[in-house]
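Worksheet for the structure shown next.
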Amino acid sequence: MKVTRCLITAFFLAVSVRGADEVIALKAARIFDGKSNAPVQNGVVIVQGDKIVDAGSNLPIPSSARVIDLGDGTLCPGFMDAHTHLTSDFSGDYNQHRLKEVDLNVSEQAIIATSHALATVEAGFTTVRDLGSRFVGSHEFVDVALRNSINKGVIIGPRMLVATKGIGSTGGHFDPTSGFRDFLFGREADYTDGIADGPDEIRKAVRFEVKNGADVIKAAVSGGVLSLADEVDTPQLTPAEMAALVDESHRLRKRVAVHCHGDDAAREAIEAGVDSIEHGSFMKPETLTLMKKKGTFLTPTLMATEWIMGKLENYPPALQAKAKAAAAARSDMFRNAVKMGVRISFGTDAAVYPHGQNAKEFKLMVDLGMKPIDALKSATANDAELLGIAQKVGMLEKGKLADVIAVPGDPTADITATERISFVMKEGKVIRQGPPAVQKIKNTASPNFAAPAD
Ligand SMILES: [Zn+2]
């Protein structure tokens, strides 16, 4: 009996050691390493276990290696999206979404979220910064559960850095009870929902979110498009509240991302020392100059306004007006930011549009004046730096985790090639080679299933 158990243990040990030792050589016509100014020919990435052993042009391939030849494609580091909401999907009819949010059990919404995670990683996004997950009337931390389940290998999805609830003021963009009848949920939202007023409460909310698993702190410092009780560009935190937010987060070694459309709020947030401005629609050139001086990242989320503008009839009139104003301002703002050399991170606000279409952001960036190579760097080296994980991912080089994707053709010649990923590897494991599995889920889904559509 003991001997049998020993033999079984030895067998599994041998299998796992062999698995860890297997050398995989990825080959393609080109390679973009995540930081250089152009792809180079004859790309090779050698992977062993979860790490990159070597990467470059015309490298010798070890005879023991399993070769995966990706043909006339370009090997790239796994893309990153610095602004997602994997636990939600509000890409359809806005009012229906509000009803569904209070109608569906949070556990069911969490299960649906697993399909969003799969769609995202299969689209080539091996890392996301997930900036806010809340369910009105519920204290569940679904984003933390999703992140942990992915890390444990229970489900397949991107590496997630999560923000939990996000922090905002009473009645502001993040107040989950805004727009509903007063006291429908029996009490005002408080720090346990991320809603805080005054510097001390803000500190408490930061501590509460870190206690419950936040990797990054998100706050709403100005109004937003998809909220019913605010104007899109008004400041929603005071400079004293922003100072407390940044100080408390940085003391706990957490970066701060702020949702912000308005120019005044952006200037105050940048002065307070936030790490990134999300959206930034109405930012004036002087504010962009301040950003550049301070090294603050801009996460433009062009996909969000693009999607809403294409489906305006899905939103109530008040939100349509806010979306139009933000869309009218954001293109000039983005062009100015590119011209001025503001640091730009890649982030899309996935959930506003159906999950898995993240790469469409690349073309929007290029159409507004960004060089294709710079757009690619925004989703690789830049995002890795903003997320504070550049030692581990974001580049194809020796010692980094083996997050490798393949894009057909040359994405610097046709940036939309990023929308047609042919291969995804995360930490040395092949997640996709051929058609995405998420399609199969979509086809068998019930009509109520909130899987990516359109
Ligand atoms: Zn967002």
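Values reported hereafter were calculated over all heavy atoms of this structure, with side chains retained and with hydrogens, waters and symmetry mates removed. Read the numbers this way: they start at 1 and go in the same order the structure lists the ligands and their atoms. A quick note: this is a predicted structure, and the numbers were derived from the prediction, not measured.
In this structure, the side chain of Asp263 does not engage the main chain of Thr287 through any donor-acceptor pair within 3.5 Å.
Annotation for Arg253: atom CZ does not count as buried by contact number, only 12 or fewer foreign heavy atoms lying within 6.0 Å. Heavy atoms of other residues, nucleotides or ligands lying less than 6.0 angstrom from CD of Gln320 number more than 12. Within 6.0 Å of the NZ atom in Lys254, the count of heavy atoms belonging to other residues, nucleotides or ligands exceeds 12.
Of all N, O or S atoms in Asp349, the one lying closest to the Zn ion (ligand 1) is OD1. In terms of distance to the Zn ion (ligand 1), the nearest N, O or S atom of His83 is named NE2.
At a cut-off of 2.8 Å, His259 does not coordinate the Zn ion (ligand 1) through any N, O or S atom.
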